[in-house]
Amino acid sequence: MSDLAAVILAAGEGTRLKSATPKVLHRLGGRPMLEWVLRAARAAGAGRQVVVLGHAAEKVRAILPAGVSTVLQAKQLGTGHALRTARPALAGFNGSVLVLCGDAPLITAATLRRLVRTHRRLRASATVLTACLADPFGYGRVLRNAGQGPWVRRIAEEKDATPDERRLTEVNSGAYCFQASWLWRALQRLDNRNRKGEFYLTDVLEVLNRAGRRVAAFRTGEAAEILGVNTRCDLASAAAVMNERKLAAVQAAGVTVWDPASTWIDPDVRIGRDTELLPGTRLSGRTALGTGNRIGPAADVCDTVTATNVSIRHSVVEGSRLGKGVRVGPYAHLRPGTRVADKVTIGNFAEINRSRIGTGVKVGHVSYLGDATVGPDANIGAGTITANYDGRRKHPTRVGARAFIGSQSVLIAPCTVGAGALTGAGAVVKAGTRIPAGTVAVGVPARIIKRRIVPSDQSVRRKP
Ligand code: UD1
Ligand code: CA
């Protein structure tokens with residue numbers, strides 16, 4: 001059992017966001033901000049994690065991973081009161097307690113580890129994580145003891161601070177490390193005689209000082225890490241910091257980014273070496289790109305895995321897998337469940353949904369393939385439509401290897417076009433039909449008129 005626990009305060013509504021969504025569920029990097037705090041706490045070694053819920057508790061609870069315990073702060077009477085409600089969840093625990101704010105998503109495990117190490121080295125009862133900010137407005141100011149050293153007297157909240165105190169630039173991050181038994185004792189003694197009429201967690205420091213305990217500060221140089229999200233502007237700033245970190249990491253790992261300012265990459269995305277990201281690229285979710293890809297301009301790629309040398313420009317690709325050398329775009333939409341084999345070309349207003357596309361296939365122009373399986377080297381003519389939905393159910397379409405689908409063909413599912421078969425321009429293949437391999441079918445509805453004569457093997461063979 002680890003001797004480090006974490007309590008994350010997440011009961012507040014976040015009135016300043018003016019939102020129907022509780023504050024800690026607002027997203028950045030594609031995930032709710034609370035999730036980033038939980039990840040940092042876990043990575044810092046917090047064996048037990050307790051989240052204080054309150055406003056919209058059930059919504060927040062729904063995103064918590066297994067193993068995280070929760071307590072309910074029915075009325076939000078302040079951060080000190082919030083922490084007090086967590087006590088039963090840590091009954092019998094007597095190690096160090098990290099206290100974190102659910103609305104400060106940029107905190108890193110490395111900084112939390114240093115906080116805990118400092119706390120233990122100083123044998124403090126409380127250690128507050130601080131930073132110096134050029135604009136400290138809105139944060140609690142840290143009042144240190146006279147003289148050198150890490151010792152802190154108390155914290156003055158923005159609303160309660162004197163003008164002199166407000167001029168201090170060292171602020172409370174809202175993250176602390178406490179020695180458990182002294183924390184619970186001090187929390188008993190809080191009052192709410194302040195401008196907000198709340199039980200301030202910050203007052204615990206003064207209570208501990210009065211009891212003769214050691215109260216310290218650990219100041220981080222990484223000021224961006226402590227950014228608390230109270231407004232939509234803060235949310236945008238925090239998201240930008242998270243993105244900058246990710247950009248720096250992928251560049252360090254061998255990825256070219258043409259225009260960092262217009263490139264957005266979620267933290268969990270992986271990118272291979274020598275991949276280039278062109279302006280206006282957004283990579284999100286569990287996307288993993290291979291080496292030597294060229295993505296963008298204007299590419300929105302979500303939950304997608306690519307092999308090497310894939311190119312995607314001016315397109316939306318979701319929940320898909322793309323093989324080597326695949327070219328997507330301009331203006332294609334690949335929807336979830338699409339599997340594209342090597343050397344496929346898809347572009348110019350093609351939409352592909354839940355389909356398997358074989359090696360070397362070309363879907364060049366204004367086509368829709370849904371619930372389709374297309375064999376290797378088939379050619380999908382301009383304007384081909386799989387009519388996969390009969391108003392009640394979706395049905396599959398099969399197109400065999402080297403088949404040639406004429407322009408404006410409509411394939412009404414379920415139907416099959418056999419290997420090497422050809423449909424004439426404007427053919428309508430009726431539901432339940434099977435066009436035999438190597439035949440030519442034309443008309444409405446499509447009828448077989450002859451065997452297909454392929455002039456030479458060359459014409460249907462894939463380019464090397
Ligand atoms: C708090 C600190 C301030 C610090 C700042 C850092 C206090 C009194 N002030 O101010 O010194 O500089 O964080 O960002 O602690 N919460 C509850 N229950 C409540 C009230 C709040 O769970 O009754 C949660 C909120 O959901 C939030 C966190 O505690 O995640 C901080 O609360 P917030 O009201 O945002 O405090 P700040 O005014 O930012
Ligand atoms: Ca806050």
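One-based numbering, in listed order, for ligands and for the atoms of each. Values below: every heavy atom of this structure, side chains too, minus hydrogens, waters and symmetry copies. Residue numbers run from 1 in the order of the sequence given.
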Could you check whether atom 36 (O) of ligand 1 has a protein contact, counting only heavy atoms that fall below 4.0 angstrom?
no
Nearest protein heavy atom to atom 1 (C) of ligand 1: under 4.0 Å?
no
Min N/O separation [X] to ligand 1 under 3.5 Å:
X: D103; answer: yes
X: T79; answer: yes
X: L9; answer: yes
X: E157; answer: yes
X: A11; answer: yes
X: G174; answer: no
X: G140; answer: yes
X: Q73; answer: yes

Using a distance-only test with no angle check, is there a side-chain donor-acceptor pair under 3.5 angstrom linking [X] and [Y]?
X: K159; Y: N194; value: no
X: R214; Y: S125; value: no
X: E318; Y: S320; value: no
X: S96; Y: R120; value: yes
X: S237; Y: D234; value: no
X: H333; Y: S315; value: no
X: D390; Y: H395; value: yes
X: D160; Y: Y200; value: yes
X: N293; Y: T306; value: yes
X: E225; Y: T108; value: yes

Quick one: sort the Y331 and H314 rings into parallel, tilted or perpendicular, breaks at 30° and 60°.
tilted
Could you tell me whether [X] and [Y] have a side-chain N and a carboxylate O separated by less than 4.0 Å?
X: R144; Y: E170; value: yes
X: D268; Y: R39; value: yes
X: R141; Y: E165; value: no
X: R153; Y: E206; value: no

Considering non-hydrogen atoms of the protein only, which is the closest contact for [atom], and what is the distance?
atom: atom 34 (O) of ligand 1; value: R16 NH2, 4.2 Å
atom: atom 4 (C) of ligand 1; value: N172 O, 3.3 Å
atom: atom 16 (N) of ligand 1; value: G12 N, 4.0 Å
atom: atom 23 (O) of ligand 1; value: G78 N, 2.8 Å

Using a 4.0 Å cut-off to any heavy atom of [X], which atoms of ligand 1 qualify?
X: A82; answer: 17 (C), 18 (N), 22 (O)
X: N230; answer: 35 (O), 39 (O)
X: S173; answer: 6 (C), 14 (O)
X: K196; answer: 38 (O)
X: K23; answer: 35 (O)
X: C101; answer: 28 (C), 31 (C)
X: Q76; answer: 19 (C), 23 (O)
X: L77; answer: 23 (O)

Is there a donor-acceptor pair under 3.5 Å between the side chain of Y176 and the backbone N or O of V97?
no
List in chain and number order the residues that pass side chain to side chain donor-acceptor pair (under 3.5 Å) with H81, two or more places apart in sequence or in another chain; answer none if no residue qualifies.
Q73
Taking non-hydrogen atoms only, is A104 closer than 4.0 angstrom to ligand 1 via side chain, backbone, both or neither?
neither
Ligand 1 versus K159: contacting region, heavy-atom distance under 4.0 Å
neither
Just checking, R114 and F218: is the charged tip under 6.0 Å from the six-membered ring centre and within 45° of the axis?
no
Tell me, which protein N/O/S atoms are under 3.0 Å away from the Ca ion (ligand 2)?
D103 OD2, N230 OD1
If we only consider heavy atoms of T202, is any one of them less than 4.0 Å away from an atom in ligand 1?
yes
